[in-house]
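The structure appears right after this line, and notes come after that.
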Amino acid sequence: MALDEKIYELRRDKLKQIEALGQKSYPRQYKFTHTIPQILTEDSDKTAEQLENPRVNVRVAGRIMAIRLMGKAGFAHLQQGGQKLQIYVKKDAVGDKGFELYKLLDLGDHIGVSGYLFRTRTGELTVHVEEITFLAKDLLPLPEKWHGLTDVELRYRQRYVDLIMNPEVREVFLKRSKLVQSLRRYLDEHGFIEVETPMMQPIAGGAVAKPFKTHHNTLDMDLFLRVAPELYLKRLTVGGLDRVYEINRNFRNEGLGWRWNPEFTMLEFYQAYADFREVMDLTQNMIVQAAKDVTGGSKTKWGAHEIDWAVSKWRRMTMREAIVQFWPEKAGAKPQMSDFALHDSVKALVERFNAVHPHMAYDPSEPTGKTVAALFEAVAEEHLVQPTIIYEFPAAVSPLSKNKPDEPDWVERFEIFACQMEIANGFSELNDPEEQRRRFEQQLKQRERGDEEAHQMDEDYIRALSYGMPPAGGVGVGIDRLTMLLTDSHTIRDVILFPLLRPEKNSTTEDTEEEA
RNA sequence: GGGCGCGUAGCUCAGCUGGUAGAGCAAUGCCCUUUUAAGGCAUGGGUCGCAGGUUCGAAUCCUGCCGCGCUCACCA
């Protein structure tokens, strides 16, 4: 028998002994007067004398995270809400049965105690226990108290244990929740309504990405998990929902990395009668407000960098300006604006860049605009640590945005970068159905070239646009990445509670697969 | 998918040029009525990721596989 199985059996045995003492093994509820965080905020400043007169009586519940028995008395630390409070259990105070119960308790058990607060000889705020109530048993041993749980794989697989042992993990997810709250509040206050659109779609549109495929049995229909809600949200602006947003999951069947998880959460919103500049400003203000709501200030730490979210500190430049500004000296003279217009001059830029840098992928048969966008990522992205707005994107990588009136190969689109990550993407929405059809047709040509990520034709979307979509600006914001920025997390897996992992060996899922 | 690294007790980790497995915490028993990484004495606990190979002998060397991490490529 494995050690943890032995401990499991031993603890089941103790549970029976606890029942024999008259305690319920799995009671239904516990009426508490205080939470542990509450006691710590209310009573941490009180002196020993102040706690004696008048006495502060408390009933609190928590999980045992440390326990020390010393003959006929003992201490334990209870944890609740990520915080710990010490309890003192004396045989004289809890009686024979109460002390028998105390001796049967293990690390990880849930108990409730009633008693009064006092300070120990060393000054620690402690509950002098008069009654212990057993609440639930931990049958499996918790990780070691000093080092805790550090194995990265175990932390992701058994996030419940990670959350018990590592308070900073709890903080990250509390901040993530605050972030989403803040974004919702901001949009609600600006007259947006929240909607939910299909995650299972017959055509996976709205972004350039490989979708996951699934199947509905009764309808005998192949479906895709959505890569973006975009086309559905814009159908809603056609329907008269002038300001809509959705916060939900997108699924992209692509590589994993520190910035990429196959399912990720995105905020998308659309505002009728606004262009890309107006939603750009709105997004910037919304993010600045969110940083304030989550962290309490306008500056946050990310690794060695201090990120200043104050609106006045944001930089704005066009994609072409960014390539010029961050062009590496080793690659020779900085590009001229006119170099971005022609296939051959762009090719020359790539060759100059690749000669002195790790090679960026380059396919001479791809549209010139696509190469420019790739060149931007290779040249500039790593320099974009402070919040920066990059605007004016090539039309070739923007099949859903409006053209710049004076430069039709470029579109009214922007992205927000910080800490070398793209965190938002927005544009003046293309609402001309005939131009949209031409864009889809261009994408189809890229598909024929073998680009699996290129957009498919969506006839119903074009039909919707044909009923007249108001001019609108729309934006997508990566919630996971924004959480990373605001919590100093350096991998997306640290801001996703249950990141995708391969199935565990000998797991039940594997067994059932074999049976099926 | 490519490259690099890791996998030893429930947890955190040692284990040398190959000689048959260790510590701390956790666990079990005993002592201890203000301790706090409590302490003291004693005890139990291992398919050294899996499968082959080399060898008299493998946790250790070799090969393959599985899992994880980092990184590169593709993508947000």
Side-chain angles (χ1 to χ4, degrees), chain A residues 1-11 13-14 48 65-77 84 86-94 99 102 106-108 118-124 126 128 138-158 161 165 206-211 227-228 250-266 358-361 363 373-374 377 381 397 415-417 421-425 451-453 476-482 490-493 499 501-507 510:
Chain A
M1 191 171 8
L3 179 56
D4 54 339
E5 288 167 7
K6 279 184 187 163
I7 289 175
Y8 189 97
E9 289 307 321
L10 259 160
R11 292 191 176 189
D13 231 50
K14 285 184 178 177
M65 294 304 288
I67 189 161
R68 299 176 287 279
L69 171 67
M70 288 164 298
K72 296 186 181 62
F75 290 88
H77 272 102
K84 293 191 181 97
Q86 182 169 259
I87 64 169
Y88 176 59
V89 181
K90 194 162 69 161
K91 194 172 183 180
D92 298 345
V94 297
F99 205 68
Y102 172 78
D106 286 301
L107 284 179
F118 77 111
R119 286 200 181 273
T120 60
R121 215 170 268 166
T122 52
E124 181 166 344
T126 303
H128 198 287
D138 173 11
L139 296 168
L140 292 170
L142 287 176
E144 194 226 351
K145 62 186 169 189
W146 194 239
H147 298 91
L149 185 69
T150 59
D151 183 284
V152 177
E153 181 182 353
L154 274 182
R155 288 187 43 222
Y156 296 147
R157 281 200 198 281
Q158 298 180 230
V161 179
M165 300 306 296
V208 176
K210 276 180 228 158
V227 296
N250 291 341
F251 307 86
R252 299 188 184 175
N253 205 342
E254 287 160 355
L256 292 75
W258 69 277
R259 290 170 286 187
W260 291 280
N261 194 63
E263 56 177 312
F264 63 102
T265 302
M266 208 154 168
H359 277 51
M360 59 170 268
D363 173 2
E377 282 178 25
E381 196 167 19
V397 294
E415 291 188 348
I416 297 174
F417 288 83
M421 280 187 281
E422 179 199 329
I423 54 173
N425 173 20
D451 187 346
E452 288 178 66
E453 294 163 2
V477 179
I479 301 298
D480 313 273
R481 290 180 174 183
L482 196 49
H490 297 254
T491 163
I492 197 166
R493 294 182 149 194
L501 298 174
R502 283 196 174 79
E504 252 176 294
K505 254 193 204 169
N506 303 321
S507 72
E510 203 176 44

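Residue numbers begin at 1 in each chain, while the letters A, B, ... track the order of the sequences.
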*Write down the distance between NE2 (A/H77) and C1' (B/C25), rounded to a whole number of angstrom.*
17 Å
_Spacing of the P atoms in B/C70 and B/G29 (rounded, Å)_ = 42 Å
*Scan A/G148 against the nucleic acid and name what it touches under 4.0 Å (heavy atoms): base, sugar-phosphate only, or nothing.*
sugar-phosphate
_Suppose you measure atom P in B/A59 against the same atom in B/G53; what distance do you get, rounded to whole Å?_
15 Å
*What residues form a side chain to side chain contact (heavy atoms under 4.5 Å, CB included) with A/E381, not counting sequence neighbours?*
A/R259, A/E377, A/F417
*Would a 4.5 Å heavy-atom cut-off, applied to side chains only, mark A/M165 and A/H147 as touching?*
no
_Output the rounded distance in Å from CG (A/D106) to P (B/C11)._
17 Å
*Would you say A/R252 and A/F264 make side-chain contact, with heavy atoms under 4.5 Å?*
yes
*In chain order, what residues pass the salt bridge (Lys or Arg N to Asp or Glu O under 4.0 Å) check against A/R119, with sequence neighbours excluded?*
none
*Taking the same atom, P, in B/U60 and in B/U20, what whole-Å distance lies between them?*
14 Å
*asked:* Can you check the distance between B/G24 and B/G40, where both ends of the measurement are the P atom (answer in whole Å)?
replied: 10 Å
*How is A/N261 classified with respect to the nucleic acid when contacts are heavy atoms under 4.0 Å: base, sugar-phosphate, or nothing?*
base
*Calculate the interatomic distance between A/D363 atom CG and B/A73 atom P; express it in whole Å.*
17 Å
*May I ask which nucleotide in the shown strands pairs with B/A59, Watson-Crick or G-U wobble, both distances under 3.5 Å?*
none
*Do A/E124 side-chain and B/U34 base share a donor-acceptor contact under 3.5 Å?*
no
*Looking only at atom P, what distance separates B/C16 and B/U8, rounded to whole Å?*
15 Å
*asked:* Between B/A73 and B/C68, how many Å separate the two P atoms, rounded to a whole number?
replied: 22 Å
_Whole angstroms only, please: what is the CZ-P distance between A/R11 and B/G45?_
19 Å
Short heteroatom pairs, N/O only, protein and nucleotides 29-33 of chain B, under 3.5 Å:
| from | atom 1 | to | atom 2 | distance (Å) |
| --- | --- | --- | --- | --- |
| B/C32 | N3 | A/G71 | N | 3.3 |
| B/C32 | N4 | A/G71 | N | 3.4 |
| B/U33 | OP2 | A/K72 | N | 3.2 |
| B/U33 | N3 | A/D92 | OD2 | 3.1 |
| B/U33 | O4 | A/D92 | OD1 | 2.6 |
| B/U33 | O4 | A/D92 | OD2 | 3.2 |

_Distance, rounded to the nearest Å, where A/L256 contributes CG and B/G67 contributes C1'_ = 15 Å
*Are A/V227 and A/E453 close enough that some pair of their side-chain heavy atoms sits under 4.5 Å apart?*
no
*How close or far is atom P of B/C72 from atom CD of A/E381, stated in whole angstroms?*
12 Å
*Heavy atoms under 4.0 Å, any strand shown: does A/E453 hit a base, just sugar-phosphate, or nothing?*
sugar-phosphate
*Given that both distances must come in under 3.5 Å, which nucleotide forms a Watson-Crick or G-U wobble pair with B/G24?*
B/C11
*Candidates B/A26, B/U28, B/U12 - which lies nearest the side chain of A/L149*: B/U12
*Can you check whether any acceptor in the base of B/C25 is under 3.5 Å from a donor in the side chain of A/W146, or vice versa?*
no
_Is there a side-chain contact between A/R121 and the phosphate of B/U35, meaning an N or O under 4.0 Å from OP1 or OP2?_
yes
*Which base, if any, makes a Watson-Crick or G-U wobble pair with B/C6, both distances under 3.5 Å?*
B/G67
*So what's B/C41 paired with, Watson-Crick or G-U wobble, going by both distances under 3.5 Å?*
B/G29
*A/K91: what forms a salt bridge (Lys or Arg N to Asp or Glu O under 4.0 Å) with it, not counting sequence neighbours?*
none
*Checking all strands, does A/L140 fall into the base, sugar-phosphate, or nothing category for heavy-atom contacts under 4.0 angstrom?*
nothing
*asked:* For A/T120, give me all partners under side chain to side chain contact (heavy atoms under 4.5 Å, CB included), at least two apart in sequence or on another chain.
replied: A/F75, A/Q86, A/F118, A/T122, A/E124, A/T126
*On a whole-Å scale, what distance lies between the P atoms belonging to B/U63 and B/C4?*
11 Å
_Roughly how many Å apart are B/G7 and B/U43, using the P atom of each and rounding to a whole number?_
31 Å
*Comparing A/V208 and A/R119 on RNA chain B - which has the more 5′ nearest nucleotide*: A/R119
*Measure the distance from CG on A/D151 to P on B/A9 and round it to the nearest whole Å.*
11 Å
_It should be established whether A/R502 places a side-chain nitrogen or oxygen under 4.0 Å from OP1 or OP2 of nucleotide B/G67._
yes
*Taking the side chain as every heavy atom from C-beta outward, state whether A/D480 and A/N261 have any atom pair closer than 4.5 Å.*
no
*Value rounded to 0.5 Å, distance of CG in A/D151 from CD in A/Q158*: 9.5 Å
*Do A/R68 side-chain and B/U35 base share a donor-acceptor contact under 3.5 Å?*
yes
*Measure from the side chain of A/E144, starting at C-beta and using heavy atoms only, and say which of B/U35, B/A27, B/G10 lies closest.*
B/G10
_Can you list everything that forms a salt bridge (Lys or Arg N to Asp or Glu O under 4.0 Å) with A/D138? Sequence neighbours excluded, please._
A/R11
*Does B/G18 have a Watson-Crick or wobble mate here (both distances under 3.5 Å), and if so which one?*
none
*Please report, rounded to the nearest Å, how far the P atom of B/G10 is from the CG atom of A/D138.*
16 Å
_Once you apply a heavy-atom cut-off of 4.0 Å, does A/A361 come out as touching a base, just sugar-phosphate, or nothing?_
sugar-phosphate
*Among B/C74, B/C11, B/U34, which is the nearest nucleotide to the side chain of A/T120?*
B/U34
